[in-house]
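I have placed the structure first, in the form of structure tokens, so that the comments after it can refer back to it.
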Amino acid sequence: MTAGFGRRPVLVTGREVMGPYVRLAVHDPGGEISAPGRFHMLAARDGWGGGEDERPYLPRALSPLRCDPAPTGGGVVVEFVLHDVGPGTHRLCALRPGDPAWLLGPLGGGFRPAPAGHRPVLVAGGIGVPPIAHLAGTLLGRTGMQEPFVAAGFRDRAHAVAALLLPGEAAVATDDGSAGHAGRVTDLLEDALDADLPSTVYACGPGPMLEAVRRICVERGVPGQLALESPMACGFGACFGCVVPLVEGGYARVCVDGPVLDADRLAEVPA
């Protein structure tokens, strides 16, 4: 089944506060299973358009934490993790079970399988945890594949609660040293790559973290797939507001050429 193109009305079916984050589930009767790394455009329905006392908010591009068949009513249940950092995400974080929303997707291209014999090395930063958790859940226990190494970095202990969303044992780093390794998550990535096993890196997080991951992959000659985070107005390539520079020249649109792009194709990851 392929979801029809265009936004669809959905209902919020679950909400959980996890420290600074909100975990939100929506039932999408017309939706389909989304592969790890793909994304949806989510917007609140009530008050979305710009009335006299309100401003219009563009939908937010979000990669799911989970996407499973709905137990009843057909379609899928899609789970997102939100961080209240501005008026748009504030409105989404305020949604409650039973509230309506708009959903478009899944969009873009997701993570691709690692070459045979490669160990998947998964790296998440902050709100970049959901697609990495989604990917890790599909890889753990897979027959004939090496167990993935998973690491996540956060600014402090309060934000590190998102590590609980990762399946299995994940290594944690915090900038202030309040939980796990004191330092950057890229320290843990380099330690993992020092094991000198054939590896493929998968990463999602803020721009500066992904740029550091990109440099590490290129310098070491390790294949890397980076799920880029970028503000998007449309999600399907019309506005060119989410472009990133490529090594060969020109630009890629994160929404349609990504959001997952090979590290060695990128000239840099914008901050």
Side-chain angles (χ1 to χ4, degrees), residues 33-39 61-67 79-81 106-142 144-154 162-163 165-173 181 184-230 244 252 254-255 257-266 268-269:
I33 296 296
S34 175
R38 302 188 75 193
F39 71 96
L62 302 166
S63 287
L65 171 70
R66 295 174 59 94
C67 185
E79 292 188 26
F80 301 102
V81 179
L107 300 171
F111 293 114
R112 303 177 304 282
H118 276 223
R119 174 185 58 162
V121 175
L122 281 53
V123 184
I127 201 64
V129 163
I132 295 300
H134 192 185
L135 176 63
T138 67
L139 296 178
L140 287 173
R142 183 174 291 182
M145 176 177 286
Q146 294 189 48
E147 286 295 298
F149 171 83
V150 185
F154 306 92
L165 300 170
L166 293 160
E169 295 292 331
V172 170
H181 168 73
R184 306 294 186 185
V185 70
T186 47
D187 299 339
L188 303 178
L189 168 61
E190 294 202 273
D191 288 345
L193 296 179
D194 284 343
D196 205 27
L197 297 172
S199 300
T200 295
V201 174
Y202 299 87
C204 184
M209 185 208 89
L210 288 181
E211 172 61 11
V213 173
R214 183 195 69 81
R215 288 178 176 271
I216 290 169
C217 289
V218 170
E219 289 170 2
R220 291 175 175 253
V222 174
Q225 299 181 31
L226 311 185
L228 304 185
E229 296 183 339
S230 179
V244 291
V254 171
C255 57
D257 300 313
V260 177
L261 290 166
D262 290 332
D264 61 2
R265 287 194 65 206
L266 294 164
E268 66 174 350
V269 179

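Counting begins at 1 with the first residue of the sequence.
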Might you point out which heavy atoms bring [X] and [Y] nearest each other, and give the distance in Å?
X	Y	answer
Thr138	Pro36	CG2-CG, 3.8 Å
Ala263	Val218	O-CG2, 4.1 Å
Leu210	Gly205	CD1-O, 3.4 Å
Val185	Gly153	CG2-N, 3.5 Å
Ser63	Phe39	OG-CB, 3.8 Å
Gly128	Ala124	O-CB, 3.9 Å

Practice item. Count the heavy atoms of every other residue, nucleotide or ligand shown that sit under 6.0 Å from CZ of Arg215, and state whether that count exceeds 12. Key: no
Review point. CZ of Arg184: more than 12 outside heavy atoms within 6.0 angstrom?
Key: no
Point to revise | Non-hydrogen side-chain atoms of Pro259 and Val254 separated by less than 4.5 Å | key: yes
Point to revise | Side-chain touch Phe80/Pro64, heavy atoms, less than 4.5 angstrom | key: yes
Roughly how far, to the nearest 0.5 Å, is [atom2] of [Y] from [atom1] of [X]?
X	Y	atom1	atom2	value
Leu166	His134	CG	NE2	13.0 Å
Asp262	Arg214	CG	CZ	12.5 Å
Arg119	Glu147	CZ	CD	11.5 Å
Leu226	Leu266	CG	CG	6.0 Å
Leu165	Leu65	CG	CG	5.5 Å
Leu107	Arg38	CG	CZ	7.0 Å

Any sub-3.5 Å donor-acceptor pair from [X]'s side-chain atoms to [Y]'s backbone N or O?
X	Y	result
Gln146	Gly117	yes
Glu211	Val269	yes
Glu190	Ile216	no

Point to revise | Residues Leu139, Leu122; criterion side-chain contact (heavy atoms from CB on, under 4.5 Å); working and verdict | key: CA-CA 11 Å; Leu139 296 178; Leu122 281 53; 4.2 Å; yes
Review point. Would Val81 and Ile127 count as a side-chain contact (heavy atoms from CB on, under 4.5 Å) if you check the C-alpha gap in whole Å, the side-chain angles of each, and the deciding distance to 0.1 Å?
Key: CA-CA 7 Å; Val81 179; Ile127 201 64; 3.8 Å; yes
Exercise for review: List for me each residue that meets side chain to side chain donor-acceptor pair (under 3.5 Å) alongside Asp191, sequence neighbours excluded, and say none if there are none.
Suggested key: none
Check your understanding: Of all residues at least two apart in sequence or in a different chain, which pass the side chain to side chain donor-acceptor pair (under 3.5 Å) check with Asp187?
Key -> His181
Exercise for review: Under the side-chain contact (heavy atoms from CB on, under 4.5 Å) rule, what do Val201 and Val213 come out as? Steps first, then yes or no, please.
Suggested key: CA-CA 9 Å; Val201 174; Val213 173; 3.9 Å; yes
Point to revise | salt_bridge(Arg220, Asp194) N-O dist < 4.0 Å | key: yes
**Study point:** For Tyr202, ring pair (Phe, Tyr, Trp, His ring centres under 6.0 Å) partners two or more places apart
**Key:** Phe111
